[in-house]
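Both counts, for ligands and for their atoms, begin at 1 and track the order of listing. All figures in this text were calculated on a predicted structure; none of them were measured in a lab. Heads up: numbering here begins at 1 and tracks the sequence.
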Amino acid sequence: MLEVRDLRSGYHGVTVIKGLSLEVGNEVFTILGANGAGKTTLLATMARLIPLMGGELLFEGEDISKVPPWESAARGIGYVPQEKGLFPELTVGENLNVGGMIGDRDRQERVDEIYELFPDLAVLEDQLAGTLSGGEGRMLACGRALMQDPKMLLLDEPTAGLSPLYVDMFFESVTKIHETRGVGIVLAEQNATKALEVADRVMVLSLGEAFVIEEAGNLTTEQLKEGYRI
Ligand SMILES: Nc1ncnc2c1ncn2[C@@H]1O[C@H](COP(=O)(O)OP(=O)(O)O)[C@@H](O)[C@H]1O
Ligand SMILES: [Mg+2]
């Protein structure tokens, strides 16, 4: 579905992603890697927020290397940034409705599905997004991206800084989103143990390069340790 060919990207002439190739299908694809490995840069490039310095990005066989972010969203790539990415002055319900501006399925039907997936959000419908806790904000950001009925969802460290209860709940939601909605998932994570539990395949990113791409169950502790060494 999503194909990355010899991708290079970064900031102001600094190359962070250094020639990366991978394919993600209808699966849970986890990206592990130390702080600064380039996970956020890679996801933001896939979401078309950072220009490519080289290589190609294809979605469903079509070149999306140069399309603007709104178009990659419209084509079916949902993106949940590491920071919440919400409208703090709008309510939970209003944030979801803004997300639903892309897509043509009945909007209330989609909102109801999000409340089914994240029941906590239903209770908070009229609360301002800026007043949510960390975990609630992550759920809302994820729900907002899902309002676009994406075919693929890019999640950037959705559980970072959350309490253990929220971490477990969020990983369960990831599995549910993949299994019940048929959405392919690219999940950047620091929490290797939990992320490997929900992953089909895993890539360990090391200094902007794929140290290893492997079936999640086959990744060895040695590979993980070595890939995290910078
Ligand atoms: N806006 C930016 N401008 C310049 N360099 C950046 C910027 N954002 C990140 N970097 C650098 O890019 C590298 C990769 O960062 P990042 O993609 O955030 O890694 P990760 O998400 O794996 O922690 C780091 O060396 C970081 O300092
Ligand atoms: Mg990051």
Side-chain angles (χ1 to χ4, degrees), residues 2-24 28-57 64-66 68-69 72-73 77-86 134-135 137-142 144-145 150 152-163 166-167 170-171 173-174 184-199 201-214 216 219 221 223-230:
L2 184 66
E3 199 180 337
V4 173
R5 289 185 186 157
D6 199 24
L7 181 86
R8 281 185 295 117
S9 73
Y11 312 90
H12 314 294
V14 181
T15 310
V16 174
I17 301 298
K18 299 162 185 159
L20 192 71
S21 298
L22 62 102
E23 276 175 52
V24 184
V28 178
F29 187 90
T30 288
I31 301 173
L32 297 175
N35 252 324
K39 301 181 295 298
T40 295
T41 306
L42 176 59
L43 260 59
T45 309
M46 286 172 165
R48 299 298 315 110
L49 294 165
I50 297 179
L52 278 71
M53 292 171 167
E56 284 179 311
L57 200 55
I64 57 159
S65 306
K66 293 194 174 79
S72 81
I77 301 178
Y79 173 57
V80 183
Q82 197 163 358
E83 300 305 322
K84 279 187 215 162
L86 299 169
R138 298 294 172 77
M139 287 191 269
L140 180 55
C142 189
R144 207 182 72 167
M152 178 142 302
L153 188 62
L154 314 177
L155 294 168
D156 195 354
E157 295 205 37
T159 70
L162 299 189
S163 66
Y166 272 121
V167 172
F170 211 98
F171 279 114
S173 305
V174 168
I185 310 252
V186 178
L187 175 69
E189 262 295 336
Q190 285 277 351
N191 191 332
T193 312
K194 298 269 179 190
L196 285 169
E197 277 172 24
V198 300
R201 288 191 304 144
V202 59
M203 170 171 74
V204 181
L205 190 65
S206 188
L207 293 175
E209 291 180 285
F211 179 74
V212 61
I213 299 179
E214 183 57 279
L219 187 77
T221 314
Q223 285 173 315
L224 196 57
K225 273 190 195 159
E226 230 178 293
Y228 266 71
R229 200 177 298 154
I230 44 172

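- Counting heavy atoms under 4.0 Å from ligand 1, residue Thr40 touches it through both backbone and side chain.
- Arg138 contributes no side-chain N or O that, together with a main-chain N or O of Val80, makes up a donor-acceptor pair within less than 3.5 Å.
- When distances from atom 9 (C) of ligand 1 to the protein are checked, a heavy atom turns up under 4.0 Å.
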- request: Take Phe171 and Leu187 through the test side-chain contact (heavy atoms from CB on, under 4.5 Å) and record every step on the way to the result.
  value: CA-CA 10 Å; Phe171 279 114; Leu187 175 69; 3.9 Å; yes

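- Leu205 places a side-chain heavy atom less than 4.5 Å from the side chain of Leu20.
- For ligand 1, the polar-atom distance check finds an N/O of Thr41 within less than 3.5 Å of one of the ligand's N/O atoms.
- Remark: side-chain polar atoms of Arg5 are not paired, donor with acceptor, to backbone N or O of Leu7 under 3.5 angstrom.
- Interface of Asn35 with ligand 1, defined as ligand atoms under 4.0 Å from a residue heavy atom, comprises 23 (O).
- At distances below 3.5 Å, not a single donor-acceptor pair connects side-chain atoms of Arg8 with backbone N or O atoms of Thr15.
- Considering backbone and side-chain atoms alike, Glu157 places every N or O at 3.5 Å or more from each N or O of ligand 1.
- No heavy atom of Val14 sits closer than 4.0 Å to any atom of ligand 1.
- A distance of 9.0 Å separates CG of Asn191 from CG of Leu196, quoted to the nearest 0.5 Å.
- Comparing Gly208, Gly10, Gly36 by heavy-atom distance to atom 24 (C) of ligand 1, the nearest is Gly36.
- Between the side chain of Ser9 and the backbone N or O of Pro51, no donor-acceptor pair lies under 3.5 Å.
- Of the N or O atoms in Gly38, one or more lie within a sub-3.5 Å distance of an N or O in ligand 1.
- Under a 4.0 Å criterion applied to the non-hydrogen atoms of Ala34, ligand 1 contributes the atoms 22 (O).
- Within the 4.5 Å cutoff, no side-chain heavy atoms of Tyr79 are placed close to those of Met46.
- Polar contact check, His12 against ligand 1: no nitrogen or oxygen pair lies under 3.5 Å apart.
- Take a cut-off of 2.8 Å around the Mg ion (ligand 2): the protein N, O or S atoms inside it are Thr40 OG1, Gln82 OE1.
- Using a 4.5 Å cut-off on side-chain heavy atoms (C-beta onward), Phe29 and Leu2 make no contact.
- The two residues Ala145 and Leu153 come nearest to each other via the heavy atoms CB-CD1, 3.7 Å.
- In this structure, the side chains of Asp6 and Ser21 come closer than 4.5 Å at one or more pairs of heavy atoms.
- Close to ligand 1: Ala37, with a non-hydrogen atom less than 4.0 angstrom away.
- Of the possible donor and acceptor atoms, one in the side chain of Lys39 sits under 3.5 Å from a partner among the backbone N and O of Gly33.
- Atom 3 (N) of ligand 1 is flagged as protein-proximal [any protein heavy atom, distance under 4.0 Å].
- Judged by distance alone, with hydrogens and angles left aside, the side-chain atoms of Arg48 form a donor-acceptor pair with the main-chain N or O of Ser65 at under 3.5 Å.
- Ranking protein heavy atoms by distance to atom 12 (O) of ligand 1, first place goes to Val16 CG2, 3.4 Å.
- Shortest contact from atom 11 (C) of ligand 1 to any protein heavy atom: Tyr11 CE1, 4.1 Å.
- In this structure, Ala188 does not count as a contact residue of ligand 1, since none of its heavy atoms falls inside 4.0 Å of the ligand.
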